[in-house]
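A short write-up of the structure that comes next.
Counting starts at 1 for both ligands and their atoms, following the listed order. Given the structure is predicted, the values throughout are model-derived calculations rather than measurements.
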Amino acid sequence: MSTFDTIIRGGRISTASDTFHCDIGIRHGRIAALGEDLGEAERVIDAQGKWVLPGGIDSHVHISQPSGEGIRMADDFESATRSAALGGNTTVLPFCLQESGVPLRQSVQAYHAMAEGACYTDISFHLIISDPTEQVLGQELPALVGDGYTSFKVFMTYEGLALSDLELLKVMAVARETRALVMVHAENYDVIRFLTEQLEQAGRTAPRFHASSRPVIAEREATYRAISLAELSDVPLMVVHVSNREAMEEIRRAQQKGLKIFGETCPQYLTLTEQDLDGLNMEGAKYVCSPPPRDAASQEACWEGLQQGVFSVFSSDHCPFRYDDPQGKLAPKGRTSFRWVPNGIPGVGARLPILFSEGVIAGRIDINRFVALTATNHARTYGLYPRKGTIAVGADADIAIWDPQIEQVLTHAMLDDGSDYTPYEGMKITGWPVITLVRGEIVARNGRIEARKGHGTYLKREISQFA
Ligand code: URP
Ligand code: ZN
Ligand code: ZN
């Protein structure tokens, strides 16, 4: 009988801190040994010439989230985690949206029911707090944090989701009490409403005006305000999907003051610009997301934030709607004004190859920072470390094996998600994850899924390392 179920042999391993060559011995889904010449196993994976990295953790993903009347997200748990695994991810953290008038616990159970038996990667849930009633704040949230839902997202914009400053403070007070981590969508709702009305009155309703309705000022002001409220409340805060220099600098300033303020950016803010919303007819709708992609200088600022550690996590904000679909981007109402185009773009499968190619191969970041930004820091931030996010003895064998030399042009077909497009179509990508193992099982190999649906399991999380 061999000592290991699987040995990954001869690869170049990188963690968030080191790069070294050795074999990885896997037993019962965990890393059991790192060493030279580990002997034989039932399965040996030859990783000569490959880079062996912790599997990606995507901590900002929307799956099957209710998105308004007549609108449907393009991915369910099966298709989203399939695309995630093909793109080198081993864990994703989708949101569970609190629906108005429904007990939060009931919403959580509904998400579990949708995910159960459907996932290829492991999953866990953040909560979205849309209605912080006394019952929610006093009873439901503390109980759910205790049960492992240790982070929640709050919105400063969007009809039905935006919280007032008072409500934000009340949620933060619960976070302080329970040591949950607050994530914030920082855009000034009234600025957006005001500009949207003006644009519509002027007949400027095409998708491209989505960007005009949500300028940098709206994001910067809300970022500053959210940080101020977190400082007052003495809670750590993750500012998600940061798109530009001014918001990034607000986060940097807070960090330099010693506050526990964290930042996240996403592929769309490195690769797309406002101009992409300017497509013929409704094509621009494919790029409608919030905050909107900005300009080349903003892209540079986001790179700087990644290089200098202002942003600790790089996520996809995967929020998929089909384009050519009356329940997606081309919903009848969406054709009347950008205001009604569903917000969000797909990216769970493309996130890692984009950062690998544009970041590591292009020389903007090294491989250790890549690992930190795509796996380790997500695990640390969201209570999954050291079980997830690193390659170490005792950790889950969640591993992506990369071929750093594959050069290809990104097409939607490679991502195999539920959308009918990718906003990154045609990008030249160098490097690709050729094998993804989740807890020691090969889930994806060479663009094909090999594991059974349902191999992915739910993860109850600990308190964030930063709370
Ligand atoms: O446009 C976006 N980002 N949609 C997803 C929801 C959110 O705000 O993260
Ligand atoms: Zn958001
Ligand atoms: Zn999002």
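- For a distance bound of 2.8 Å, the N, O or S atoms of His185 include none lying that close to the Zn ion (ligand 3).
- Using modelled atom types and a 3.5 Å distance limit, the side chains of Arg322 and Ser419 yield no donor-acceptor pair.
- Geometrically, Arg82 does not engage Tyr120 in a cation-pi contact defined by less than 6.0 Å to the ring centre and at most 45° from the axis.
- When only modelled atom types and interatomic distance are considered, Asp317 and His62 share a side-chain donor-acceptor pair under 3.5 Å.
- Note: angle at the Zn ion (ligand 2), from NZ of Lys153 to NE2 of His241, is 120° (rounded to 10 degrees).
- Listed by number with element, the atoms of ligand 1 under 4.0 angstrom from any heavy atom of Cys289 are 1 (O).
- Of all the atoms in ligand 1, the ones that sit under 4.0 Å from a non-hydrogen atom of His60 are 9 (O).
- The proximity of His318 to ligand 1, defined as any non-hydrogen pair under 4.0 Å, does not occur for either the backbone or the side chain.
- Because its NZ or CZ atom is not both nearer than 6.0 Å to the ring centre of Tyr385 and within 45° of the ring axis, Arg387 does not count as a cation-pi partner of that residue.
- Between the side chains of His412 and Asp417, a donor-acceptor pair is found at a separation under 3.5 Å.
- With a cut-off of 2.8 Å, the Zn ion (ligand 3) has an N, O or S atom of His60 in range.
- Within Asp317, the N, O or S atom at minimum distance from the Zn ion (ligand 3) carries the name OD1.
- Annotation for ligand 1: atoms under 4.0 Å from non-hydrogen atoms of Lys153 are 7 (C), 8 (O), 9 (O).
- Of all atoms in ligand 1, listed by their number and element, those nearer than 4.0 Å to a heavy atom of Asp317 are 2 (C), 3 (N), 5 (C), 9 (O).
- Because its NZ or CZ atom is both nearer than 6.0 Å to the ring centre of Tyr323 and within 45° of the ring axis, Lys286 counts as a cation-pi partner of that residue.
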